[in-house]
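To start, the structure under review is shown below, and the notes come after it.
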Amino acid sequence: MRFAVTRACGGGGGRARAGALYIGGSTTAPIETPSLLILTRKGLPTFVSCDHLAALPTPDSLLLHVSPLHFLDCPSSKTISNIGGLHQMLGLHEHFFVAAPRDSLESLPESEGTNKLGASFETPCGRRLIKPSAYVEKIASLKPNLWASMADEVPAWVSDKRNKTSVDRTLRWLDECLALDPAGGKTMLGVVVGGSNIEERKHCAIEVATRNVSGFWIGGFGLGENVEERSALLNVVTDNLPEEKVRFISGLSLPEEVLQGVASGIDLFDSTYIYHLTLGGFALIFPFKILDHNNLDFQLDDTVGDRTKINLRATIYRKDISPIVANCSCFTCQNHTRAYINHLLNVHEMLAHILLEIHNTHHYLGFFRAMREAIKGGKFDLFRQRFVESRRIHLTSAVLCS
Amino acid sequence: MRNRFRICAVAASDSIETVHLKTNGANRYDDQLNGQDQGEAFCVSFLKMALKFEVLGKFNRARAARLALPHFVCQTPLFMPVGTQGTIKGLTNNQLEEIGCQIILGNTYHLALRPGAELIDDLGGLHKFMNWKRALLTDSGGFQMVVKLLVSLLHLADITEQGVTFQSPVDAKPMLLTPEESIQIQNKIGADIIMALDDVVKTTITGPRIEEAMYRTLRWIDRCIAAHKRPDEQNLFGIVQGGLDPVLRDICVRGLVDRNLPGYAIGGLSGGEDKDSFWRVVAQCTAALPEDKPRYVMGVGYPLDLVVCSALGADMYDCVYPTRTARFGTALIPEGLLKLKNQAMANDERPIDPTCLCMVCRNYTRAYLHCIVTKDPMGSQLVSYHNLSYMMRLSKDLHTSIVEGRFPEFVQGFLRVQFPKGDIPEWVCNAMEVAGIDMSTCCAP
């Protein structure tokens, strides 16, 4: 694995950067960053089977997030090893797995149960305590491309003392994982925590930066911190991490949050946005090619309120034979109509979620691509500003009309 | 007194397949011209068929054929997955095509409720609505209604000469499904094959109800034929009823054959009757139904039953079994069933079926599938994908083995793998005897 920064949006304190992640053989094209890690359940997307996954844009869709906690009960580590690890077990040989315990969905850090022995998580199988040794053993059998060391992630409202403990613990576990790692850190991501405390964040980042890891996982965000504080906290972390190593964050799911993370110099994001949209029957429609027009195509007009997504359960779509998004090249938009998906949702058919997850993933990957283009063109700040404004237009007009 | 005649179906084009004149005094039906009952009448039927059925190979009663439908040219014997609400649960159209599905079944009852026949019609028919490019078959809607009324004692319903009345599950309004309405709805949905509304009773019932149902089915077929507005695009199949009584079945077969329909279904089975009765009814009907028309045994889905019925001369099958059992974690394999939830699967590194080339067997182990079946949606998708692949492969093997003149060997091989100890059930041996397939190499001495 190799990472290189290809474009830094410097000037004016800009931290956003475009990069390239080289995985697999030398012939494979690098994965460009900032990029999305597709959420998985036991290694596979929730609804998108491997053949449809392969039809999503590559190489963007090759990045998958996997939680080792999904495999605590089965298969056994021995069986996973015999099969050959994640890539073999899932039939996804071309894909790139980044393993971190927290998936922000079903494997949630549970700081009150965490103690000096291990990290506690709420999982579908109840509360589980994971010790570093067990964690590393699972990782060894799964053989992901990159994996994060164990962290004690705490929510924003804990006491300073508890927060400090979490930093000490996380560093200790990082060293334990490093010691147990046969590859000596070559595929490891060191975890940076520190809650909402600027000093602790800085201290933790500086410490982790000294370890022999290949990149960094920034934990503890999306757990109740103030959105306004977040940028400052992110900045103090990235300012104290080496430029040339990749940075991955959990807990920033929404496009606005991703933009905030990119602005602070983060490269990889896992997100539950697609999952929640899909389950709710929503399809993404927000425009992201917003630098193409000088004339903003989001003036205050009185068309449909929410221009970010449509709720395909709504009866207005019963007879709508248009695709979700015109000219979208995803399988769903090329083959099916809003009316059909509306029907599938109404009769509670799984195909609705399959089709929605395909489209939403495709669309969100498109957003990331547009973001990368903006960074490479030196226009990230403009992109971010326009994007955020366009998302708020419908709220503004709703307020003005009421 | 001059006999008056009425036209049962009108052909839209010049091509008239058959002209059929008949005096029909036994049936009473409305005279659409002036509303009077008629004692005697001619029935002139110009029945244009929207299919071509060509037998390509035979072994005794078994046949392999080419069935050309408006949307797709199929090979029989074939299995039709059930896509109740306009979708096969958890599979996309391209996956179904890859697996080799030729015809999908849609449930008229469900589709008429949601999204509604009018809406489907307005949007151009079910093919367009689903974007399914191959063939579709819709049932009459009667069976689901009967199933619901049998299951739900609260919504007591009535089957009368008019039709099936029941309480709507949506708003509890009384609803009536008549033969005319069933055909009307199916005309709107637009499937390649549509089924006549029949009076179906469980085979476990005995007594005069069965006879009543059989004769009513015959009276209703005439009403279905009369109501059918698109005979050049949609094939109306009649359904043979009569319970387990050979005399009644025979009357029904002859009555339906007289109407010269594009195809015939054998109904009223797969409802809990014993296997010995089951195969005998199938054998009787396939012997009596015309050679040159497709024969569809409704509700048959166990692989063993498919093989037996094909040996006896049936061509088409449908069942929810393969997809439903998949959702419970059971996979279909040549040896029988594989219960993926079983603890023994937890460390089994083999694919579901080492002889299967489907996407699931090429990529996943039993151990991994053990983790996800019944727990994650992906588990349901993957096992459904495999199970349907298995059924399509079985259909294709049946067809090819007949065409290539090795059908008995195929059947024997199939049975040997399913019953390695030679303990083949007696009903299978009896059926195979009638089918003329030698069982001596498969049965234990």
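Proteins get letters first, then strands, A, B, ... in listed order; numbering begins at 1 in each. This structure is a prediction, so every number in the text was calculated from the model and none was measured.
Relative orientation of the Phe129(B) and Tyr340(A) rings is perpendicular, given thresholds of 30° and 60° on the angle between their planes.
Neither the backbone nor the side chain of Pro124(A) comes within less than 4.5 Å of any heavy atom in chain B. Of the atoms belonging to Asp376(B), it is side-chain heavy atoms, and not backbone ones, that fall under 4.5 Å from chain A. Ala346(B) touches chain A through its backbone: at least one of N, CA, C or O sits under 4.5 Å from a heavy atom, while the side chain does not. Interface remark: Leu344(A) contributes side-chain atoms only to the contact with chain B (heavy atom separation under 4.5 Å). Of the atoms belonging to Asp348(B), not a single heavy atom falls under 4.5 Å from chain A. Contact of Lys375(B) with chain A is made through the side chain alone, with heavy-atom distances under 4.5 Å.
Judged by distance alone, the side chain of Arg318(A) and the main-chain N or O of Pro115(B) form a donor-acceptor pair under 3.5 Å.
Gln95(B) and Ser49(A) make their closest contact through NE2-OG, 3.0 Å (heavy atoms, listed as atom of the first residue, atom of the second, distance). Among all heavy-atom pairs drawn from Gln85(B) and His343(A), the shortest one is O-NE2, 2.7 Å.
Between Met378(B) and Val48(A) there is no side-chain heavy-atom pair separated by less than 4.5 Å. You'll find the side chain of Pro75(A) stays beyond 4.5 Å of the side chain of Asn347(B), heavy atoms only. Residues Arg41(A) and Pro377(B) have side chains not in contact (no heavy-atom distance under 4.5 Å, counting atoms from C-beta outward).
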Begin from the C-alpha positions of Tyr364(B) and Met89(A) and carry the test side chain to side chain contact (heavy atoms under 4.5 Å, CB included) through to its verdict. CA-CA 6 Å; Tyr364(B) 303 103; Met89(A) 186 168 65; over 6 Å; no
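Note: Leu44(A) CG to Leu382(B) CG = 7.0 Å, rounded to the nearest 0.5 Å. A distance of 2.5 Å separates OG1 in Thr92(B) from NE2 in His52(A), rounded to the nearest 0.5 Å.
Chain B forms the most heavy-atom pairs under 4.5 Å with one residue out of Thr337(A), Ile321(A), Asn335(A), Asn342(A), and that residue is Asn335(A).
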